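Keep in mind that what you see is a predicted model, and the values were worked out from it rather than measured.
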Amino acid sequence: MNARHFARLAPFALFVSLAGCELFGDEDMSCEGNVAYTHVCEESCWDIEVDCNTTAVESSCAIEPLGARCVPVADVPSPSGAPAVLWRTPGAVLSAASGHISFNELETGLPADVETEEIRSENTEESFFRAEWSAGGHRWGVWTSFTLDHGQWGTSIVTVSVDGKFEHFYGPLVSAPLGEWFSGDLEFVGEAGNRLALEGARIRALK
């Protein structure tokens, strides 16, 4: 049996995997079929496996310096003429030519890539999306929830935070049939007049 499959077995297999692992920052990366596999050893050892056939956008496995990962194919091109914003979870993707937030006299551009999290409801008809990053000495966050209604996914409210201070931003209904993309420029305005703007946005959720 290949050692890389130990983590799929009973709990005692984790001990076997650790026992045979040298803790010196070693990594074993591969693309098996279209599954991205990375075996990492630092203070302990663990397996990271992602089936690229199940991601929100069509993806293919690729070996990169930080491990094997699922990379979107041409379905999510980087917008031409400007640095791309590309935020991803297994069920939601945001791509934009650029983005900007103003919040209580603070301003920041949306970074190209961020720490993201998705929480999916058990009935798969709602998901919660969160992105967080640090810029200019402040901790920024953007949250939204996507819901499914009669075959259409959608959202119209985002919550923005800076250093733990929150404000709801309201905008147009962002919606498309399930599995399809919304495309366009967007602006969400907060209760205190703060703003989040996206240029050349492409969004898909709840796939």
Side-chain angles (χ1 to χ4, degrees), residues 31 33-36 38 48-64 66-101 108-133 135 140-161 169-188 196-207:
C31 292
N34 204 28
V35 176
T38 303
I48 302 171
E49 291 190 34
V50 180
D51 186 346
C52 300
N53 296 311
T54 64
T55 54
V57 298
E58 184 181 355
S59 301
S60 60
C61 179
I63 305 295
E64 298 190 345
L66 295 180
R69 60 179 300 197
C70 299
V71 178
V73 295
D75 191 29
V76 192
S78 296
S80 61
V85 174
L86 183 56
W87 298 356
R88 296 176 289 209
T89 70
V93 178
L94 163 65
S95 174
S98 63
H100 183 267
I101 296 176
T108 187
L110 299 188
D113 193 13
V114 293
E115 173 188 341
T116 59
E117 179 184 14
E118 179 185 41
I119 301 173
R120 194 74 171 263
S121 66
E122 292 183 359
N123 62 13
T124 73
E125 294 184 351
E126 183 176 13
S127 70
F128 177 81
F129 178 92
R130 176 171 66 183
E132 293 185 319
W133 70 97
W140 298 79
V142 174
W143 294 267
T144 191
S145 62
F146 296 102
T147 57
L148 186 63
D149 184 23
H150 295 93
Q152 295 269 133
W153 65 262
T155 189
S156 60
I157 302 174
V158 297
T159 300
V160 175
S161 74
F169 286 37
Y170 300 89
L173 176 62
V174 179
S175 182
L178 187 64
E180 296 185 15
W181 292 89
F182 168 90
S183 299
D185 296 334
L186 292 171
E187 183 177 56
F188 293 83
L196 180 147
L198 296 169
E199 296 78 37
R202 298 189 71 222
I203 302 172
R204 184 167 72 182
L206 289 173
K207 182 171 181 187

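- C70 has its SG atom within less than 2.5 Å of the SG atom of C52.
- Within the 3.5 Å criterion, the main-chain N or O of R88 finds a donor-acceptor partner in the side chain of T116.
- Minimum interatomic distance between E49 and V35 (heavy atoms only, all atoms of both residues): OE1-CG1, 4.3 Å.
- Side-chain atoms of E118 come within 3.5 Å of backbone N or O of G91 as a donor-acceptor pair.
- Closest non-hydrogen pair, V114 versus P111, comes out as CG1-CG, 3.2 Å.
- The two atoms that bring G200 and D185 nearest to each other are N-OD1, 2.6 Å, heavy atoms only.
- Considering CH2 of W153 and CD1 of I203, their distance stands at 5.5 Å, rounded to 0.5 Å.
- With a 4.5 Å cut-off on side-chain heavy atoms, F188 and I157 do not count as touching.
- Within the model, atoms CH2 of W133 and CG of L110 stand 5.0 Å from one another, a figure rounded to the nearest 0.5 Å.
- A distance of 8.0 Å separates CG of L94 from CG of L86, quoted to the nearest 0.5 Å.
- Evaluation of the salt bridge (charged side-chain N to carboxylate O under 4.0 Å, His left out) rule for E117 yields R130 as partners, not counting sequence neighbours.
- Contact detail for R204 and E180: the closest heavy-atom pair is CG-O, 3.5 Å.
- Summarising the geometry, atom CD1 belonging to I119 is positioned 11.0 Å from atom OG belonging to S145; distances are rounded to the nearest 0.5 Å.
- With sequence neighbours excluded, the residues satisfying side chain to side chain contact (heavy atoms under 4.5 Å, CB included) with T144 are F129, F146, T155, V158.
- Nearest approach of V85 to G99, heavy atoms of both residues: CG2-N, 4.3 Å.
- Under a 3.5 Å cut-off, the side chain of R69 and the backbone N or O of A62 do not form any donor-acceptor pair.
- Pairing each heavy atom of T38 with each of A68, the nearest pair is OG1-N, 2.9 Å.
- For the atom pair OG1 (T159) and CG (L196), the distance works out to 11.0 Å, reported to the nearest 0.5 Å.
- Every residue two or more places apart in sequence or in another chain that forms a side chain to side chain donor-acceptor pair (under 3.5 Å) with S175 is listed here: Q152.
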Decide side-chain contact (heavy atoms from CB on, under 4.5 Å) for V142 and F169; before the verdict, give the C-alpha distance in whole Å, the side-chain angles of both, and the deciding distance to 0.1 Å. CA-CA 10 Å; V142 174; F169 286 37; over 6 Å; no
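- Although no hydrogens or angles enter the test, the distance criterion places a donor-acceptor pair under 3.5 Å between the side chain of N34 and the main chain of C61.
- Atom CG of residue L206 and atom CG of residue D149 lie 11.5 Å apart, to the nearest 0.5 angstrom.
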